[in-house]
Amino acid sequence: MGLELELEPLFQAWSYFRRRKFRQCADVCSQLLERPPGEQEPDSEYTVFQAAWSLKTRALTEMVYVDEIDMDQEGIAEMMLDENAIAQVARPGTSLKLPGTSQGGGPSPAVRPVTQSGRPITGFVRPSTQSGRPSTMEQAIKTPRTALTARPITSASGGYVRLGTASMLTNPDGPFIKLSRLNLAKYAQKPKLAKALFEYIFHHENDVKNALDLAALATEHAQFKDWWWKVQIGKCYYRLGLYREAEKQFKSALKQQDMVDTILYLAKEMNNISSAAEYYKDVLKQDNTHVEAIACIGSNHFYSDQPEIALRFYRRLLQMGVYNCQLFNNLGLCCFYAQQYDMTLSSFERALFLAENEEETADVWYNLGHVAVGIGDLNLAYQCFKLTLVNNNDYAEAYNNLAVLEMRKGHIEQARALLQTASSLAPHMYEPHFNFAILSEKVGDLQRSYTAAQKSEEAFPGHVDTQQLIKQLKQHFAML
């Protein structure tokens, strides 16, 4: 005679949840919720009902959960139809719009590359962080919005597609929770249920307004002593674009509890290098194996002319088991500028071997071109920059550097064409505009030189050579 062992339904649902079988977990919870009579709302009399309701809420949330820290994408619609206006005439040092007005004390664009929006390139690629805010729809469509694909995200809710559409799936019994009928004040007084409900509203339903209302009521009920609710309010503000209010909530939460995620949110501050670096150091105090924090601090040291210190951070990543093209690419650059030449080429060879796509291969060849320029082998540099364009023909920096090499050879027309291509691909870079201004000034085309110099000054207001060139051209025009 065989004995059949059946798990208690709630325990079975919990087992499914622990094994990440969320659909089965939700189905078992649904069966439990159908048993008790009355309204589909947790009640103190039914502890099993409460547990099943909470577990199903968590299971549905986990099915569409995306880590807010790792997701930071902007769609074309948000960038082109942005209703937030920045004052055209700003006080010195306060403008977020001009790339050259960083008040963070970091390296200037002459040393550290910047994105189209003026944001310094960090040591860790996130979706949308390498691209700026395009000025035309054509440019927006051409610009990739993610770290791994060239396809632009067409709407916001590019980042929240999985979240928003989950609530639109047809269900024969209707939605699991009808938000319009919820008494948020009642749930805010039940912390255990409120937290599960918040994550369901925020991630599954993508209803930031109701999520924010619930979080505000819950933190008030907790007498503003629960750091978790402050972080959630900050996340809602961040999603709504209220960054200053979000910053206040995150800082308030950190005073009560040190958490890596909270510090990472604060490290997203734009154009404040020193502040962001300090936040990343705080992350390492909490988690000394955090890859993003180590990579960003290493990158900051490299662009601050401290390649030896940067090398220590990248070697730490290698010891932790990170083994990819980007790491060996950075190791090769740090070894070269730290004058450890024996490791430079071997690191770049390993980077080329580990490259997973043409964009990564182009980056390695571009950096090898810089190494060749550094050792004075201009023919090798020319070949490296050519190979960069073979792998990625939209590489504006390579066009600019090839133009400089052509100018040294006396090939004026080729240099002019390459610089025009570079400036059209990356209007936020000052180098192509400045080089084109110098080239035009040498051949006597003063009007084009002045126009290009103005564009260079707009991209990098603190560039001394551009200012001197504009001054000389104005003197020429005054003499005419």
Nearest atoms (heavy-atom pairs only) where [X] meets [Y]:
X    : Y    : result
I233 : A215 : CG1-CB, 3.6 Å
A222 : D226 : CB-CB, 3.9 Å
S449 : E441 : OG-CB, 3.5 Å
M259 : L254 : N-CD2, 3.9 Å
A437 : L469 : CB-CD2, 3.6 Å
R448 : S440 : CB-OG, 4.1 Å

Quick one: pull up [atom1] in [X] and [atom2] in [Y] and give me the separation to the nearest 0.5 Å.
X    : Y    : atom1 : atom2 : value
Q472 : F477 : CD    : CZ    : 12.0 Å
Q326 : L354 : CD    : CG    : 9.5 Å
N400 : L425 : CG    : CG    : 11.5 Å
H476 : K471 : NE2   : NZ    : 13.0 Å
S347 : L331 : OG    : CG    : 5.5 Å
I263 : D258 : CD1   : CG    : 5.5 Å

Sub-4.5 Å side-chain heavy-atom contact between [X] and [Y]:
X    : Y    : value
E397 : M429 : yes
L389 : L402 : yes
L352 : L368 : yes
L311 : R315 : yes
I294 : M320 : yes
N392 : E358 : no
F336 : L333 : no
H433 : Y430 : no

Task: side chain to side chain contact (heavy atoms under 4.5 Å, CB included) evaluation trace for Q383 with N379 - done: CA-CA 6 Å; Q383 294 300 322; N379 288 327; 5.8 Å; no
Open item on the list: Looking at Q420, is its backbone amide N or carbonyl O close enough to the side chain of S423 to form a donor-acceptor pair, meaning the two atoms are under 3.5 Å apart?
Closed with: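 Between the backbone of Q420 and the side chain of S423 there is a qualifying donor-acceptor contact (under 3.5 Å).
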Open item on the list: Can a donor-acceptor pair be found, under 3.5 Å and without considering hydrogens, that links the side chain of S304 to the backbone of N300?
Closed with: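 Such a contact is found between S304 side chain and N300 backbone.
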With a 3.5 Å cut-off and no angle check, do the side chains of [X] and [Y] form a donor-acceptor pair?
X    : Y    : answer
T289 : D287 : yes
E247 : Y243 : no
Y382 : E406 : yes
N329 : N367 : yes
Y280 : E292 : yes
N206 : R239 : yes

Open item on the list: If you count every heavy atom of other residues, nucleotides or ligands that lies below 6.0 Å from D305 atom CG, does the total exceed 12?
Closed with: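 Not more than 12 within 6.0 Å, no.
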TODO: Begin with the C-alpha distance, continue with both residues' side-chain angles, and end with the deciding distance and a verdict on ring-ring contact (aromatic ring centres under 6.0 Å, His included) for Y337 and F302.
DONE: CA-CA 9 Å; Y337 287 106; F302 177 80; 5.8 Å; yes
Open item on the list: Does N393 form a side chain to side chain contact (heavy atoms under 4.5 Å, CB included) with Y399? I'd like the steps, not just the answer.
Closed with: CA-CA 9 Å; N393 61 359; Y399 282 109; 4.0 Å; yes
Task: Chi angles and distances behind the side chain to side chain contact (heavy atoms under 4.5 Å, CB included) call for Q256, K230 - done: CA-CA 10 Å; Q256 295 176 338; K230 292 182 179 180; 3.2 Å; yes
Task: Salt-bridge criterion met for K235 and D261 (N-O under 4.0 Å) - done: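 Salt bridge absent between K235 and D261.
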Task: Ion pair check, D213 and K209, cut-off under 4.0 Å - done: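 Salt bridge present between D213 and K209.
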- [ ] Check each of Y323, F348, Y314, F353 against F328 using the ring-ring contact (aromatic ring centres under 6.0 Å, His included) test, and report the only one that passes.
- [x] Y323
Task: Working for ring-ring contact (aromatic ring centres under 6.0 Å, His included), residues Y366 and Y395 - done: CA-CA 9 Å; Y366 176 75; Y395 213 110; 5.1 Å; yes
TODO: Could you walk me through whether F198 and W229 pass the ring-ring contact (aromatic ring centres under 6.0 Å, His included) test, one step at a time?
DONE: CA-CA 10 Å; F198 172 86; W229 284 115; 5.7 Å; yes
- [ ] With salt bridge (charged side-chain N to carboxylate O under 4.0 Å, His left out) as the test, would you mind laying out the steps for K281 and E278 before giving the verdict?
- [x] CA-CA 5 Å; K281 289 177 182 176; E278 289 302 317; 3.8 Å; yes
Open item on the list: Using side chain to side chain contact (heavy atoms under 4.5 Å, CB included), reason through W365 and V390 one step at a time and then give a plain yes or no.
Closed with: CA-CA 10 Å; W365 281 118; V390 167; over 6 Å; no
- [ ] Fit a plane to each ring of F434 and H463, take the angle between them on a 0 to 90° scale, and name the class: parallel (under 30°), tilted (30 to 60°) or perpendicular (over 60°).
- [x]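 Ring orientation of F434 relative to H463: perpendicular.
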